[in-house]
Amino acid sequence: MSHLLVFTASLSLRIYEIPATTPSKKPVHPVRVISRAHEAPVHVCKVDPTSTYLASGSADGVVKVWNIRNGFVTHVFKGHGGIVSALTFDYPQDMSSVARQQKMRLITGSVDTRLRVFDLTATSDSARGGKPEAVLEGHYSVPRGLDVSLDGKWLVSGGRDSVVLIWDLSSNQSPLQSSEKGKGKGKDKAFSPTLVRTIPVLERVEALGILRPDEDLTGSSSDSDVVRFYTGGEKGVVRIWDGKDGNVLFSLGKEYTKVGDDQEEQRQIVDVMYVPAISSVVSVHADQNIIFHSLSTRSLTRQLIGYNDEIVDTTFLSPAFSLSAVKERDSHLALATNSSLIRIYDIRTFDARLLDGHTDVVLALDQDANGHLLASGSKDRSARLWVPLKAESRDSAVDWGYGCVGICEGHAESIGAISVSKRADKDEGSNQPKFMFTGSQDRTIKMWDLTGIPSICENDETEPSRCKSLCTHKAHDKDINALDIAPNDRFLASGSQDRTAKVFSIEYVAGSGGRAPRGELKLIGTCKGHKRGVWTVRFSRTERILATGSGDKTVKLWSLDDFSCLKTFEGHTNSVLRVDFLNAGLQIVWALAVSNDERRIVSGAADSVITFWEDCTEEQNDEREAARVTLVQKEQDFQNYLAINDYRRAIQLALAMQQPGRLLSLFRDVQTDGVDPASVTGRYSVDEVIRTICGSELAKLLQFARDWNTNAKTSRTAQGVMYAILKLRSADDVVKAFVDEQDEAALMGDSRAVSRPGSALKEFVDAFIPYTERHLSRMNKLVQDSYMVDYILGEMDDGTFDDMDVDSVYV
């Protein structure tokens with residue numbers, strides 16, 4: 001795999017050469033761009049088995065075949081009855097079972113429901129748009145999937161008419177049968193594929209392909225005469241078929257149920273790719289999810305989510321956490337987006353899973369104290385409880401997932417807030433929470449009994465249990481937006497659109513002796529002061545403090561002793577939707593989720609971007625301290641070099657430290673103290689340094705001289721350094737110095753490095769000359785003014801000193 005070919009919306013074809021080196025952040029530029037590859041947008045494209053040719057089909061019914069390496073068109077085929085909907089190459093790679101010459105063909109499908117077969121090895125007439133060898137009719141809707149077996153014998157086609165057709169490409173007609181009106185003169189038999197089987201698949205097919213004969217599928221024959229193929233379509237699952245019997249061998253993926261028409265359209269499969277090297281098929285879905293399925297284990301191995309939509313809520317999860325596996329804490333992240341599906345990411349590999357169960361958008365998420373259990377609330381007026389699936393293998397990085405084990409139903413409106421009890425039992429074998437609260441737009445808070453919820457889901461197909469409501473409390477006058485349980489499980493805080501936050505005491509009695517558990521809420525305080533609805537509430541983990549965030553753009557801290565406002569934080573330019581505490585200093589950070597060790601924060605918003613933040617204060621302090629120590633050592637070295645007159649090392653060190661001030665002092669001292677009469681700079685050793693320093697150091701020295709030249713006080717030193725450089729170095733050395741500096745900056749990855757040769761030198765000259773001319777004009781004016789001073793002094797002394805030598809007068 002050496003090239004990547006992309007057709008853009010601007011009708012251009014871009015060919016990229018995939019770098020063979022390790023991944024880098026540098027952009028990869030196309031090696032060839034064809035500005036107008038087609039006259040209409042390209043809908044399908046396909047590369048031949050030898051990776052030599054690319055076929056592209058556009059909306060104007062034109063198919064072009066391209067030479068990938070050289071970027072020119074080899075064939076153009078017209079005459080399709082509308083948009084080209086499918087393409088595939090027929091190039092037999094196993095000729096053992098086909099008694100015909102090896103040739104390359106192109107098979108196309110279009111919206112006129114016909115399949116056309118073109119011979120790519122024919123004469124140049126075909127390249128200019130020749131007629132197809134055969135036109136196959138059998139579909140009654142748009143064909144979307146085409147594939148040919150490795151031996152070139154079978155063609156499988158599928159379309160939106162919910163059927164798959166199997167064609168025999170090895171069947172031929174005699175010359176008499178193929179000739180019309182006595183015109184048949186060839187000795188070769190005419191190419192005439194025949195339809196051998198029609199298989200109803202009962203769903204619109206968007207992609208299909210043929211599996212290799214040697215693919216190991218348990219329970220299926222590997223005979224070369226048996227065609228085994230896969231299909232993907234509107235139901236969002238990949239099905240493996242036996243072409244001989246027309247039966248489904250097995251299905252990969254989960255067929256979503258109880259969803260709306262718009263969501264069903266988003267979850268349908270738009271393409272499927274077969275990867276024989278790892279015995280997997282990869283399905284691409286309309287909602288930009290990419291799912292890897294293993295054919296050998298018949299399980300999902302990896303899932304990539306390309307788009308998350310608006311991020312509503314998020315929380316950390318720890319499916320493998322235990323007292324013996326502390327490193328597994330906060331290893332996963334659950335997201336509630338503008339969808340009924342909950343997304344769970346493995347933070348280490350970014351492998352993902354989708355949790356299906358809710359029938360409307362999920363609004364709230366929460367976890368228990370150990371991170372095993374996930375609770376979700378939705379617009380479908382229900383809350384669901386999810387726990388890790390039982391792993392069938394020891395590879396936790398691949399074999400993982402969550403299953404629904406509980407449903408809480410009873411609210412009359414959407415559930416917008418949810419909170420699970422925070423205390424975990426010390427006994428590792430019994431770490432499930434005992435109760436949970438949900439808040440709804442119906443203005444009530446419900447308390448749910450979770451004592452019968454299992455910690456592991458044995459099978460995600462098992463029907464979840466129904467949770468019992470312990471109490472229902474009319475809490476607010478408007479929608480409830482937020483809930484939070486105190487770390488000791490004794491208090492519950494709620495925030496509402498009625499601009500108040502309320503604190504309740506929790507009374508819970510566990511069931512024993514055949515008695516059912518009991519729960520009750522009692523209002524103990526109301527926090528009033530926000531001017532708009534309260535969107536978030538959070539208890540402090542160490543102090544008796546409650547934090548609230550509101551639509552009035554403020555965050556308030558409340559005392560749990562008398563429910564008075566302790567402090568108001570202002571500065572936000574919009575509503576505060578989430579607030580949480582970081583106890584390393586008791587400061588507040590606005591976020592969606594904070595890890596258990598409080599070192600990582602995850603934030604998400606309507607821009608569909610998830611941002612991971614990590615507390616690196618200690619590392620930054622260490623780096624600053626190390627930089628300070630290094631600077632002190634270098635400054636001491638600089639002073640030592642000056643003391644022993646080692647000007648070479650002193651100048652090189654000052655250039656490396658980027659300290660023009662120290663270098664300016666050095667050149668001032670050289671020009672004034674102990675000047676060597678025949679030296680250009682004032683010291684022979686400094687002359688030798690300027691004569692021999694490398695190109696990048698010379699460029700830095702010139703840039704420092706340019707900066708000194710902008711000030712009248714330092715211009716004399718700048719002119720002296722510039723004079724010395726022009727006297728001791730050639731013009732070629734100066735030009736090469738700026739080139740070497742550019743190369744060094746590019747090697748260090750500096751994006752500000754100038755890319756045009758000679759531009760840095762031009763910028764230097766353009767900046768140095770104007771100030772030099774200004775200084776020259778100033779000196780000329782001073783000389784002129786000195787003549788005026790001489791004249792005035794001569795008139796004032798009335799000729800007294802005219803006959804005297806001024807140098808001999810002592811004062």
Side-chain angles (χ1 to χ4, degrees), residues 26 638 647-672 675-786:
K26 295 182 179 179
F638 180 80
Y647 291 109
R648 174 178 296 279
R649 292 186 179 180
I651 292 174
Q652 290 177 339
L653 183 59
L655 291 173
M657 294 168 60
Q658 292 288 328
Q659 291 190 349
R662 294 187 178 277
L663 205 56
L664 177 65
S665 300
L666 185 150
F667 281 111
R668 275 180 173 172
D669 295 341
V670 167
Q671 293 175 354
T672 56
V675 177
D676 296 331
S679 171
V680 178
T681 61
R683 295 286 179 88
Y684 290 117
S685 55
V686 178
D687 292 352
E688 186 63 24
V689 172
I690 294 178
R691 186 183 291 110
T692 57
I693 59 175
C694 65
S696 60
E697 293 176 341
L698 180 60
K700 291 179 182 178
L701 182 58
L702 285 169
Q703 291 169 358
F704 288 164
R706 175 198 61 193
D707 297 338
W708 299 334
N709 196 46
T710 60
N711 192 324
K713 296 180 179 180
T714 58
S715 60
R716 181 174 179 271
T717 305
Q719 293 293 329
V721 172
M722 189 66 188
Y723 173 74
I725 292 175
L726 295 179
K727 194 76 173 177
L728 300 173
R729 304 296 289 262
S730 65
D732 292 338
D733 290 344
V734 175
V735 174
K736 187 175 182 299
F738 285 97
V739 175
D740 292 344
E741 187 196 27
Q742 288 178 322
D743 294 341
E744 183 178 334
L747 186 63
M748 297 299 293
D750 188 355
S751 59
R752 297 172 297 178
V754 182
S755 58
R756 292 177 298 171
S759 59
L761 178 59
K762 183 178 182 300
E763 292 176 0
F764 167 77
V765 173
D766 292 342
F768 196 88
I769 290 179
Y771 282 100
T772 301
E773 293 175 346
R774 184 183 302 178
H775 297 320
L776 180 61
S777 176
R778 179 171 54 84
M779 296 303 297
N780 289 335
K781 188 175 183 303
L782 286 175
V783 172
Q784 293 175 3
D785 292 344
S786 68

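All of these numbers come straight from a predicted model, not from anything done at the bench.
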If we ignore angles and hydrogens, is there a donor and acceptor under 3.5 Å between the side chains of S730 and D733?
-> yes
Could you grab the distance from atom CD1 of I725 to atom CG of L702, nearest 0.5 Å is fine?
-> 4.0 Å
Decide yes or no on side-chain contact (heavy atoms from CB on, under 4.5 Å) for F704 and L664, but give the supporting numbers first.
-> CA-CA 9 Å; F704 288 164; L664 177 65; over 6 Å; no
Inspect the surroundings of CZ in R716 and state if more than 12 heavy atoms from other residues, nucleotides or ligands are less than 6.0 Å away.
-> no
For side-chain contact (heavy atoms from CB on, under 4.5 Å), just list the numbers for L776 and Q719, CA-CA rounded to whole Å, side-chain angles, deciding distance to a tenth of an Å, and then say yes or no.
-> CA-CA 11 Å; L776 180 61; Q719 293 293 329; over 6 Å; no
Ion pair check, K762 and D766, cut-off under 4.0 Å | yes
Taking the side chain as C-beta and beyond, is there a heavy-atom pair between R774 and S715 under 4.5 Å?
-> no
Report, as yes or no, whether the 6.0 Å neighbourhood of atom CZ on R649 holds more than 12 heavy atoms from other residues, nucleotides or ligands.
-> no
For side-chain contact (heavy atoms from CB on, under 4.5 Å), just list the numbers for H775 and N709, CA-CA rounded to whole Å, side-chain angles, deciding distance to a tenth of an Å, and then say yes or no.
-> CA-CA 9 Å; H775 297 320; N709 196 46; 3.3 Å; yes
In short, A718 meets A705 closest at the heavy-atom pair CB-O, 3.4 Å
Check: T710 side chain, R706 main-chain N or O, donor-acceptor pair, under 3.5 Å = no
Do the non-hydrogen side-chain atoms of L701 and F667 ever get within less than 4.5 Å of each other?
-> yes
Closest non-hydrogen atom pair, A650 against F638 = O-CE1, 3.3 Å
Rounded to the nearest 0.5 angstrom, the OH-CG distance for Y771 and N711 is 9.5 Å
Which heavy-atom pair separates T692 from R648 by the least distance, and what is that distance?
-> OG1-NH2, 2.6 Å
Salt-bridge present (E697, K700; N to O < 4.0 Å) = no
Does OH in Y723 sit with more than 12 non-hydrogen atoms of other residues, nucleotides or ligands closer than 6.0 Å?
-> no
Rounded to the nearest 0.5 Å, how far apart are CD of Q658 and CG of L663?
-> 10.5 Å
Side chain to side chain, I690 and I651, heavy atoms closer than 4.5 Å | no
Rounded to the nearest 0.5 Å, the SG atom of C694 sits from the CD atom of Q652 at a distance of 7.0 Å
side-chain contact (heavy atoms from CB on, under 4.5 Å) evaluation trace for D785 with K781 | CA-CA 6 Å; D785 292 344; K781 188 175 183 303; 3.4 Å; yes
Looking at CG of L653 and CZ of R662, how far apart are the two atoms once the value is rounded to the nearest 0.5 Å?
-> 9.0 Å
